[in-house]
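What follows is a single structure, written as structure tokens, with notes after it.
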There are 2 protein chains.
Amino acid sequence: MKELLISLEHNGGIPLYEQIYQYIKTEIADGKIIAGEKLPSSRALSRQLSVSRSTVDLAYEQLESEGYLESRPCIGHFACDIEGFVQVEPNKGKTSQAPKRRREGYSIDFAVNGIDPGGFPQNIWRKISRQVLSDEDAGMFQLGDSQGEWKLREAIASYLHHARGVEAVAEQIVVGAGNDYLLMLLSMLLGKSSKIAMENPSYDNAWRCFRSLGHEVVSIPLDEAGMKPSELEESGARIAYVMPSHQFPMGMVMPLKRRLQLLAWAKRQSGRYLIEDDYDSEFRYIGKPIPALQGYDQHETVIYIGTFSKAIAPSIRISYMVLPATLLQQYRELGSNFSVTISKVDQKIIEIFLREGYFERHLNRMRALYKGKHDLILKNLKDMTSICQVFGENAGVHLLLKLKNGMTEEEACRLAKEAGIKVYPLLAYFPDCRQAGDGEGILLGYATLKEDEIQRGMNILKEVWS
Amino acid sequence: MKELLISLEHNGGIPLYEQIYQYIKTEIADGKIIAGEKLPSSRALSRQLSVSRSTVDLAYEQLESEGYLESRPCIGHFACDIEGFVQVEPNKGKTSQAPKRRREGYSIDFAVNGIDPGGFPQNIWRKISRQVLSDEDAGMFQLGDSQGEWKLREAIASYLHHARGVEAVAEQIVVGAGNDYLLMLLSMLLGKSSKIAMENPSYDNAWRCFRSLGHEVVSIPLDEAGMKPSELEESGARIAYVMPSHQFPMGMVMPLKRRLQLLAWAKRQSGRYLIEDDYDSEFRYIGKPIPALQGYDQHETVIYIGTFSKAIAPSIRISYMVLPATLLQQYRELGSNFSVTISKVDQKIIEIFLREGYFERHLNRMRALYKGKHDLILKNLKDMTSICQVFGENAGVHLLLKLKNGMTEEEACRLAKEAGIKVYPLLAYFPDCRQAGDGEGILLGYATLKEDEIQRGMNILKEVWS
DNA sequence: GGGTATTTGTCCGTATGTATG
DNA sequence: TCATACATACGGACAAATACC
């Protein structure tokens with residue numbers, strides 16, 4: 001049994017089952033599938049082609065009725081001997097393949113961004129999308145609320161309360177097209193003159209955004225608990241941007257004590273704010289989820305930012321933030337002049353996705369999926385204890401390896417690259433320069449890779465790094 | 001292993017496997033089935049429940065994919081540890097009231113914003129949406145180009161060339177979620193110290209945006225051709241925001257001579273830019289469409305902004321701008337740090353909508369629709385020549401009435417309001433104060449009204465204003 | 001203790017119902 | 001009404017693990 005490389009056109013006028021039928025028929029007629037050979041099961045093929053099993057069934061049935069296939073119940077479909085068949089197929093060129101995307105010579109990319117390909121809940125999304133677009137609600141196409149639709153904000157508030165311990169009401173929530181946009185909006189509310197403290201290292205795109213927006217960014221060193229409060233205090237910053245749940249890229253979880261210290265810092269002087277970026281908190285593989293920093297805040301100093309980029313897909317551009325009461329007035333004066341940046345259709349889709357429990361199911365599924373990949377890497381790393389030590393495990397979709405055998409980051413990346421593997425040096429995530437004594441680090445993201453790719457990648461890394 | 005007491009409803013609308021799934025999931029979540037516990041075999045359970053084994057299999061498979069169960073081949077299914085799973089329950093957190101929408105007692109609202117209810121091409125949109133969401137392009141859900149997808153930008157460039165005489169290549173185009181967002185992005189590129197000149201009166205939301213962003217806005221008086229070049233020169237502004245095709249709210253079309261004068265102003269000093277807001281250029285009811293100002297620009301001084309808010313729907317949040325070459329470098333340095341603000345799905349939908357000719361057909365349909373409303377108002381206004389004079393006709397989706405019978409705007413609005421009709425005073429669109437000698441003006445928008453509502457509204461206005 | 005019957009998850013083809021255009 | 005596609009439900013065949021003789 002071989003794999004069938006059928007490229008289907010979903011709306012090319014030709015029915016799906018017909019395309020499958022034609023393909024297999026040609027394969028048999030051309031002798032590429034020989035008599036007696038087993039074909040993929042209807043389930044396997046339907047999964048591979050992302051169509052319903054019934055569609056494959058229809059094709060198989062037609063092939064069977066024409067004598068190309070024989071069906072043995074409970075066993076499979078098998079190609080028949082077609083000697084003596086009349087071939088009435090004069091025309092036709094070959095089906096052309098779409099050109100493959102070049103990957104800069106990398107065969108496996110441990111990218112720290114992105115999601116599992118195929119992880120997007122496409123069928124449910126399509127179903128809800130159709131439902132929303134079939135609705136006769138005329139208001140669906142007029143301009144909506146600048147903060148986002150009320151019911152969506154309620155659904156987000158409810159989710160945040162239960163899943164993240166965030167205390168928020170719909171009034172405080174602002175939805176927007178991606179974290180970058182929300183940072184842009186926030187920058188306006190907080191004023192351009194605000195000095196912003198960031199963890200060192202931190203999420204590179206956030207500091208690029210802040211700098212583009214004209215803010216002064218100061219890097220605060222980390223210890224094993226996260227941003228050092230003493231250095232934050234000394235920095236003179238008014239805003240601190242932190243990722244307490246799973247710091248990027250170091251992967252540490254901020255302990256309660258440190259969280260309280262940061263909250264104390266914010267409270268100490270009026271006008272200070274903590275921006276909590278909870279970018280991938282959905283994915284924890286052991287223990288209970290840690291409630292968000294925002295949940296401990298008693299003095300309206302935390303701005304909580306969350307996103308569906310990691311949990312659903314980066315390309316749908318849906319993020320949200322919870323403004324403390326002290327910033328709401330500021331938002332109403334300045335921010336509400338800017339129309340909402342998410343289509344009302346998408347807002348409605350995600351609202352239903354949240355309210356009807358699809359999100360919960362999806363999260364559980366993705367968590368199981370990513371945990372599998374996570375565990376696979378960890379298992380492989382057990383053979384590499386002399387080469388590196390792992391940090392930031394049991395959460396998120398990336399790991400940090402600290403090199404122990406004297407290799408530099410550049411060396412490690414270069415060796416990997418020569419073997420076709422892309423890994424990421426820690427250096428890239430220090431806004432200014434790295435702090436002393438941090439050691440050499442490599443980031444491995446696993447969201448976009450399949451398990452067999454991970455296994456192959458790890459085998460190669462083991463070899464080239466030894 | 002305990003016995004499961006599931007009572008299945010065979011025709012309750014909920015599929016059997018779903019009922020089994022829900023039951024077991026709840027048992028695990030409630031701790032009635034503890035981690036590690038063995039579940040009945042699919043055969044045993046199917047016998048007990050009198051359903052097929054595959055039905056139980058389906059439920060088990062789903063539970064496994066979501067991490068509730070673990071399957072050990074040839075041994076059985078076992079419950080997993082679900083500590084840390086998200087449980088979405090009814091909201092027990094803070095509650096808040098949805099803000100009540102006030103009806104304000106108007107029965108007919110000549111709103112200057114919005115589109116025809118029912119004007120959205122819902123069926124085609126749904127069809128394309130379904131097509132896009134059926135596509136198995138895995139890249140569809142990873143983060144895309146910061147400027148927008150290349151093919152969409154090509155499609156927009158092509159449309160702009162043919163329909164608006166805009167000279168642009170895909171490289172220059174930046175798509176974004178609404179004009180407000182694009183202005184925010186532009187503000188960053190142009191620098192916050194830029195003094196911005198606007199027409200007086202002008203589009204109120206644009207000046208609110210600029211002010212929120214910290215720009216100094218100066219109002220330049222208009223004559224019958226539009227913004228006065230001499231006053232613009234004297235203002236010391238570096239940026240001028242204009243609507244040459246159909247000025248809002250005055251409705252004038254800027255003649256070529258004035259356009260060239262503005263371009264000359266921009267050229268005179270380096271760093272000057274014209275922002276051309278072409279918000280409703282799609283709707284012209286007589287004569288040829290006037291090419292955009294951008295098309296006459298020889299010196300890379302015009303930033304062209306267009307939107308699908310008027311032509312398709314405000315709620316879909318799709319706008320675009322054409323950057324002059326001189327700003328592209330600036331965009332790459334600052335702007336490209338911000339991810340695109342439109343879902344890739346929506347980008348694909350609108351790309352197909354443009355490429356396959358749906359947009360052209362839609363525009364023609366809408367133009368005919370709005371022309372009918374437009375003509376109906378004009379016909380009614382012929383009986384009111386003693387009360388008011390009409391401006392800004394034959395384009396867009398609103399008209400300006402200048403009152404001739406001594407009524408003030410407030411009076412006219414009040415009289416209309418008492419009769420349940422909402423009309424809009426010109427005053428609201430002057431950023432600072434109105435210029436002398438402009439007269440009293442009333443805006444009538446007709447996009448959202450049906451023809452019979454317009455007729456009734458006009459009848460009433462005729463009566464109360466006499 | 002080694003062969004055998006049974007249990008189990010898994011995979012298979014099949015049939016029918018349902019939604020959409 | 002009909003074609004297309006997907007959802008739901010059914011029961012048999014198989015191999016691996018296990019229990020039993």
Side-chain angles (χ1 to χ4, degrees), chain A residues 1 8-22 24 38-65 69-79 121-135, chain B residues 1 8-22 38-65 69-79 122-131 133-136:
Chain A
M1 177 169 56
L8 294 179
E9 276 194 34
H10 270 265
N11 281 284
I14 307 154
L16 293 176
Y17 78 92
E18 181 72 18
Q19 296 179 52
I20 299 168
Y21 160 82
Q22 284 292 353
I24 294 174
K38 187 174 183 298
L39 277 87
S41 78
S42 64
R43 285 162 217 264
L45 190 54
S46 76
R47 200 169 36 244
Q48 186 198 324
L49 301 175
S50 302
V51 298
S52 162
R53 260 179 42 221
S54 315
T55 307
V56 176
D57 283 350
L58 208 57
Y60 277 9
E61 190 186 327
Q62 193 161 338
L63 287 161
E64 194 191 345
S65 76
L69 294 184
E70 176 196 358
S71 144
R72 297 184 208 152
C74 312
I75 303 181
H77 284 96
F78 299 83
Q122 207 162 343
N123 290 334
I124 289 160
W125 204 263
R126 189 168 58 232
K127 189 178 124 193
I128 302 175
S129 171
R130 200 194 55 221
Q131 180 184 328
V132 170
L133 286 171
S134 298
D135 204 359
Chain B
M1 173 168 58
L8 296 179
E9 277 191 37
H10 268 82
N11 287 299
I14 305 155
L16 292 174
Y17 77 92
E18 179 74 16
Q19 296 180 50
I20 300 169
Y21 160 84
Q22 285 292 353
K38 187 174 186 296
L39 277 89
S41 78
S42 63
R43 280 161 230 266
L45 190 54
S46 76
R47 202 166 38 242
Q48 186 198 324
L49 301 176
S50 303
V51 296
S52 162
R53 275 204 332 278
S54 312
T55 307
V56 177
D57 282 351
L58 207 57
Y60 276 11
E61 187 189 314
Q62 194 160 340
L63 286 161
E64 193 193 343
S65 79
L69 294 185
E70 177 194 358
S71 142
R72 297 184 208 151
C74 313
I75 305 181
H77 283 99
F78 299 84
Q122 208 161 344
N123 290 334
I124 289 159
W125 203 264
R126 189 169 58 233
K127 184 180 136 192
I128 302 176
S129 169
R130 184 186 144 80
Q131 177 184 333
L133 285 171
S134 295
D135 204 359
E136 51 195 303

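Chain letters run A, B, ... following the sequence lines, proteins first, then strands; residues in each count from 1.
Checked against salt bridge (charged side-chain N to carboxylate O under 4.0 Å, His left out), B/R72 has the following partners two or more places apart in sequence or in another chain: B/E70. With sequence neighbours left out, B/R126 forms a side-chain hydrogen bond (donor to acceptor under 3.5 Å, both in side chains) with A/S134, B/N123. In this structure B/E64 satisfies the salt bridge (charged side-chain N to carboxylate O under 4.0 Å, His left out) test with no other residue, sequence neighbours excluded. With sequence neighbours excluded, the residues forming a side chain to side chain contact (heavy atoms under 4.5 Å, CB included) with B/S46 are B/V51, B/R53, B/V56, listed by chain and number. With sequence neighbours left out, the side chain to side chain contact (heavy atoms under 4.5 Å, CB included) criterion links A/S52 to A/S54, A/T55.
One interatomic measurement links the two molecules: CZ of A/R72 to C1' of C/dC12, which rounds to 13 Å at whole-angstrom precision. What separates OH of A/Y21 from P of D/dA3 is a distance of 17 Å, to the nearest Å.
Atoms CH2 and CG, on A/W125 and B/L133 in that order, are 9.0 Å from each other to the nearest 0.5 Å.
Distances shown here put a side-chain N or O of B/T55 below 4.0 Å from the OP1 or OP2 atom of D/dC10. Proximity of B/H77 to the phosphate of C/dT7: no side-chain N or O atom is located under 4.0 Å from OP1 or OP2. Dashed line: the shortest gap from a side-chain N or O of B/H10 to OP1 or OP2 of C/dG17 is not under 4.0 Å. At the phosphate of D/dA5, neither OP1 nor OP2 sits under 4.0 Å from any side-chain N or O atom of A/Y17.
Comparing D/dC10, C/dG9, C/dG13 by their closest approach to the side chain of A/S41 singles out C/dG13. Closest to the side chain of B/E64, out of D/dA9, C/dT10, C/dG13, is C/dT10.
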Can you check nucleotides 18-21 of chain C for protein contacts, nitrogen or oxygen pairs under 3.5 Å, and list what you find?
{"from": "C/dT20", "atom 1": "OP1", "to": "A/R130", "atom 2": "NE", "distance (Å)": "3.2"}
{"from": "C/dT20", "atom 1": "OP1", "to": "A/R130", "atom 2": "NH2", "distance (Å)": "2.6"}

Quick one: side chains of residues 12-22 of chain B, donor-acceptor pairs under 3.5 Å with protein atoms, not counting sequence neighbours, listed by atom name and distance.
{"from": "B/E18", "atom 1": "OE1", "to": "A/R361", "atom 2": "NH2", "distance (Å)": "3.3"}
{"from": "B/E18", "atom 1": "OE2", "to": "A/R361", "atom 2": "NH2", "distance (Å)": "2.2"}
{"from": "B/E18", "atom 1": "OE2", "to": "B/Q22", "atom 2": "NE2", "distance (Å)": "3.3"}
{"from": "B/Q19", "atom 1": "OE1", "to": "B/E9", "atom 2": "N", "distance (Å)": "2.8"}
{"from": "B/Q19", "atom 1": "NE2", "to": "B/E9", "atom 2": "O", "distance (Å)": "2.7"}
{"from": "B/Q19", "atom 1": "NE2", "to": "B/I14", "atom 2": "O", "distance (Å)": "2.9"}
{"from": "B/Y21", "atom 1": "OH", "to": "A/R361", "atom 2": "NE", "distance (Å)": "3.3"}
{"from": "B/Y21", "atom 1": "OH", "to": "B/K25", "atom 2": "NZ", "distance (Å)": "3.4"}
{"from": "B/Y21", "atom 1": "OH", "to": "B/E66", "atom 2": "OE1", "distance (Å)": "2.5"}
{"from": "B/Y21", "atom 1": "OH", "to": "B/E66", "atom 2": "OE2", "distance (Å)": "3.1"}

5' to 3', nucleotides 11-21 of chain D under a 4.0 Å protein heavy-atom cut-off (B base, S sugar-phosphate only, - none) gives BBBB-BSS---
